[in-house]
Amino acid sequence: MPRPPSPHAPRPAAKPVAAAKKTPAEAAAPDLRPKAVPRQGRALETYERILGVAADLLGEVGVERWSTNLVCERAGITPPALYRYFPNKYALLHELGERLMAVQNQLLEAWATPRNLALPRADLEASVLELFAQTVEVTTAAPAGVWITRALRAVPALQEVRIASHRHVTGLIERAFMAAHPQAERADVQVFARLAIEAAYATQEMLFDDPDLEPMVVGRMLASMIAGEAIRLRRA
């Protein structure tokens with residue numbers, strides 16, 4: 001029978017706990033957050049100049065040809081100066097995407113009220129059409145807005161910017177709708193709100209990709225579909 005270990009015997013050293021291994025997706029995902037966000041002075045000017053030049057270049061050459069080297073050359077800075085703030089081009093796109101989404105969200109935040117969601121069908125259609133037209137306008141007016149929109153859809157690492165924005169405005173519409181129509185089924189309203197947002201943004205991208213389409217004709221059809229489903233949910 002083996003002897004039990006002496007309580008005074010030295011204990012073996014504990015093995016270090018291995019860090020959790022990243023999944024292949026996590027390991028491949030680029031770092032998207034700025035390394036530093038300056039608050040004032042020349043550093044802030046440099047930071048904003050980098051973003052301004054990045055947007056202008058993206059609008060000129062598109063995502064495929066766009067690079068941090070081009071941004072540095074146009075901005076008149078060295079790569080280390082850029083990397084002080086942005087670790088890679090995806091971090092630049094991420095910041096540009098968040099800024100564009102914030103501008104678009106401001107429109108919807110002002111629109112998503114119980115008053116608007118209680119409008120009669122014809123007025124609701126007109127209101128949705130106006131909101132859609134305003135969203136297209138601010139997107140096309142933003143530097144590289146069309147290309148940023150495409151990048152948020154096409155680049156897997158950036159999709160969370162778009163998805164987080166859509167979740168946010170979906171919640172705004174859901175709460176406003178339920179305040180105006182408490183008898184509605186909340187689960188259905190939530191799905192309706194998300195589908196309305198996704199349909200509106202997909203329609204906007206369709207207009208960017210096919211300039212032969214008439215924006216007002218397309219917008220009226222979209223507004224009619226959204227308003228029609230909203231009226232149905234009110235009666236459910």
Side-chain angles (χ1 to χ4, degrees), residues 22-108 133-169 198 200-213 215:
K22 292 184 178 181
T23 66
E26 290 173 336
D31 187 1
L32 298 179
R33 290 294 175 182
K35 290 182 177 179
V37 182
R39 301 299 180 188
Q40 58 186 359
R42 294 181 61 183
L44 180 59
E45 292 177 7
T46 301
Y47 183 85
E48 292 297 332
R49 184 167 79 254
I50 290 170
L51 287 169
V53 168
D56 290 342
L57 271 172
L58 183 60
E60 292 174 21
V61 305
V63 174
E64 295 298 326
R65 293 174 54 204
W66 186 78
S67 69
T68 53
N69 286 336
L70 282 176
V71 173
C72 290
E73 182 179 343
R74 176 72 66 87
I77 61 174
T78 62
L82 183 146
Y83 294 137
R84 184 180 306 149
Y85 304 109
F86 301 98
N88 51 59
K89 71 176 186 178
Y90 298 106
L92 270 171
L93 280 170
H94 185 273
E95 180 64 19
L96 292 174
E98 287 203 326
R99 292 187 176 200
L100 178 62
M101 292 285 101
V103 172
Q104 293 175 341
N105 289 354
Q106 286 176 1
L107 294 174
L108 211 144
Q134 290 174 342
T135 302
V136 172
E137 182 179 355
V138 299
T139 304
T140 53
V146 173
W147 277 105
I148 293 170
T149 299
R150 289 170 174 158
L152 292 177
R153 173 78 62 179
V155 179
L158 301 176
Q159 290 182 5
E160 185 54 36
V161 177
R162 172 177 52 83
I163 292 171
S165 171
H166 290 191
R167 286 173 179 161
H168 168 62
V169 292
E198 296 295 341
Y201 278 93
T203 302
Q204 177 180 243
E205 291 176 34
M206 181 178 69
L207 291 175
F208 295 157
D209 292 340
D210 190 348
D212 291 336
L213 293 170

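- The heavy-atom pair separating Val161 from Gly97 by the smallest distance is CG1-C, 3.8 Å.
- Crowding of Glu137 atom CD: a count of heavy atoms from other residues, nucleotides or ligands under 6.0 Å not exceeding 12.
- The side chain to side chain contact (heavy atoms under 4.5 Å, CB included) test applied to Ala43 returns Pro38, Tyr85, not counting sequence neighbours.
- Between the NE2 atom of His166 and the CD atom of Gln159 there is a distance of 11.0 Å, given to the nearest 0.5 Å.
- Across all non-hydrogen atoms, the minimal contact from Tyr90 to Leu158 is O-CD2, 3.6 Å.
- The CZ atom of Arg162 lies 12.5 Å from the CG atom of Leu100; values are rounded to the nearest 0.5 Å.
- The distance from the CD1 atom of Ile77 to the OG1 atom of Thr46 is 7.0 Å, given to the nearest 0.5 Å.
- In terms of the side chain to side chain contact (heavy atoms under 4.5 Å, CB included) criterion, residue partners of Thr68 (sequence neighbours excluded) are, by chain and number, Leu82, Tyr83, Lys89, Leu92.
- Residue pairs meeting the salt bridge (Lys or Arg N to Asp or Glu O under 4.0 Å) criterion with at least one partner in residues 40-58, sequence neighbours excluded, are Glu48-Arg99.
- For the residue pair Cys72 and Pro79, the shortest heavy atom distance occurs at SG-CA, 3.6 Å.
- Each salt bridge (Lys or Arg N to Asp or Glu O under 4.0 Å) pair with one or both residues in residues 63-79, not counting sequence neighbours, appears once here: Glu60-Arg74.
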Give the intermediate values and the outcome of side-chain contact (heavy atoms from CB on, under 4.5 Å) for residues Thr135 and Leu108.
-> CA-CA 9 Å; Thr135 302; Leu108 211 144; over 6 Å; no
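- For Val138, the side chain to side chain contact (heavy atoms under 4.5 Å, CB included) partners are Val103, Gln104, Leu107, not counting sequence neighbours.
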Which donor-acceptor pairs under 3.5 Å do side chains of residues 142-157 form with protein atoms, sequence neighbours excluded?
| from | atom 1 | to | atom 2 | distance (Å) |
| --- | --- | --- | --- | --- |
| Thr149 | OG1 | Gly145 | O | 2.8 |
| Arg150 | NE | Asp209 | OD1 | 3.2 |
| Arg150 | NH2 | Phe208 | O | 3.2 |
| Arg150 | NH2 | Asp209 | OD1 | 3.3 |
| Arg153 | NE | Glu205 | OE1 | 3.4 |
| Arg153 | NE | Glu205 | OE2 | 3.3 |
| Arg153 | NH2 | Glu205 | OE2 | 3.3 |

